[in-house]
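Counting begins at 1 with the first residue of the sequence. Atom set for the values below is all heavy atoms of this structure, side chains included, hydrogens, waters and symmetry mates excluded.
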Amino acid sequence: MGDDKASIEHFLRRDCLTPDTKTMAETVKRIYGASATIFGTRYDADAIVKLKTDWFAQWASWSLGLEPGSLEITPHGEDRADAAFAMRYDYVPKDKSAARLTGKARVTLGLVKADGGWRIESETSQAMQ
């Protein structure tokens, strides 16, 4: 599982915490596959692209970070795992009258190994104090 923890942390830092709106469609299809469950609702890849694109469209800039030491991996057999971690976020709105959104969230991802890498099957998050 040690190798998996390192590969999952790399996946999170490289793919999940550095969204690129210019390549959102390709990124979503790579990290979510054909469909995923987000906050309990099943979406196909095109719907996820729209959700993510609409979300990031309102921000001038953002910063997402993995809180050091917070990553917990729960393996489920050879090719599945849950990853839970604390994520710092800072979203700066395009609309100058809107509030900046900063804080920490506890993120839980259901992951499956596919094509030699990890893919997100399910995603939830909750604000932390």
Side-chain angles (χ1 to χ4, degrees):
M1 191 62 210
D3 292 349
D4 281 348
K5 184 164 184 178
S7 70
I8 288 170
E9 184 169 344
H10 181 74
F11 167 74
L12 294 173
R13 291 182 189 280
R14 185 194 67 219
D15 294 318
C16 301
L17 299 174
T18 53
D20 181 353
T21 54
K22 292 174 195 67
T23 60
M24 189 62 72
E26 295 84 10
T27 300
V28 163
K29 288 178 175 132
R30 185 177 76 250
I31 69 173
Y32 292 92
S35 65
T37 301
I38 300 175
F39 291 103
T41 302
R42 192 97 184 138
Y43 295 99
D44 68 16
D46 291 335
I48 298 170
V49 169
K50 180 165 177 24
L51 284 171
K52 299 289 183 181
T53 301
D54 289 353
W55 170 255
F56 286 105
Q58 64 190 317
W59 309 108
S61 66
W62 53 84
S63 160
L64 306 174
L66 181 63
E67 196 69 10
S70 70
L71 180 60
E72 298 166 19
I73 306 296
T74 306
H76 299 287
E78 287 295 303
D79 61 349
R80 293 185 183 284
D82 290 337
F85 58 94
M87 179 185 78
R88 289 181 320 283
Y89 58 86
D90 182 3
Y91 294 98
V92 178
K94 288 180 180 171
D95 177 350
K96 301 288 185 235
S97 67
R100 187 171 184 164
L101 191 59
T102 62
K104 265 190 216 175
R106 177 113 179 123
V107 178
T108 304
L109 301 176
L111 302 174
V112 61
K113 212 178 248 183
D115 305 322
W118 291 98
R119 208 178 69 228
I120 299 170
E121 263 191 337
S122 65
E123 173 183 331
T124 61
S125 64
Q126 180 176 355
M128 296 172 69
Q129 293 307 317

* **Sidechain-backbone polar pair: S7 side chain, D4 backbone, donor-acceptor under 3.5 Å** => yes
* Considering only NZ, NE, NH1 and NH2 on the basic side and carboxylate oxygens on the acidic side, decide whether D46 and K29 come within less than 4.0 Å. => yes
* Asked: I120 and L111: side-chain contact (heavy atoms from CB on, under 4.5 Å), yes or no, with the steps?
  -> CA-CA 5 Å; I120 299 170; L111 302 174; 3.9 Å; yes
* Asked: Does any non-hydrogen side-chain atom of W62 lie less than 4.5 Å from one of T21?
  -> yes
* Taking atom OG of S122 and atom OH of Y32, what is their separation to the nearest 0.5 Å? -> 10.0 Å
* Asked: Heavy-atom count around D115 CG within 6.0 Å, excluding the residue itself: above 12?
  -> no
* Asked: With no hydrogens and no angle check, is any side-chain donor or acceptor of D95 less than 3.5 Å from a backbone partner on S97?
  -> yes
* Structure fact -> Rounding to 0.5 Å, atoms OG1 (T23) and CZ (R30) come to a distance of 7.0 Å
* pair P93-W59: side-chain heavy atoms closer than 4.5 Å -> yes
* Asked: Around K94, counting heavy atoms of other residues, nucleotides and ligands shown, do more than 12 lie under 6.0 Å from its NZ?
  -> yes
* **Non-hydrogen atoms of D82 and H76 that approach each other most closely** => OD2-NE2, 2.9 Å
* To do: Taking all heavy atoms of C16 and all of L64, pick out the closest pair and write down the distance.
  => O-CD1, 4.2 Å
* To the nearest 0.5 Å, how far apart are OH in Y91 and CZ in R100? -> 13.0 Å
* At what distance, to the nearest 0.5 angstrom, does CZ of R106 lie from CZ of F85? -> 9.5 Å
* Gap between atom CG of L109 and atom CG of L12 - 0.5 Å precision -> 6.0 Å
* Structure fact -> Value for CD (E123) from OG1 (T37), rounded to nearest 0.5 Å, stands at 10.5 Å
* Charged N-O contact under 4.0 Å between K5 and E9 -> no
* **Chi angles and distances behind the side-chain contact (heavy atoms from CB on, under 4.5 Å) call for K113, W118** => CA-CA 5 Å; K113 212 178 248 183; W118 291 98; 3.4 Å; yes
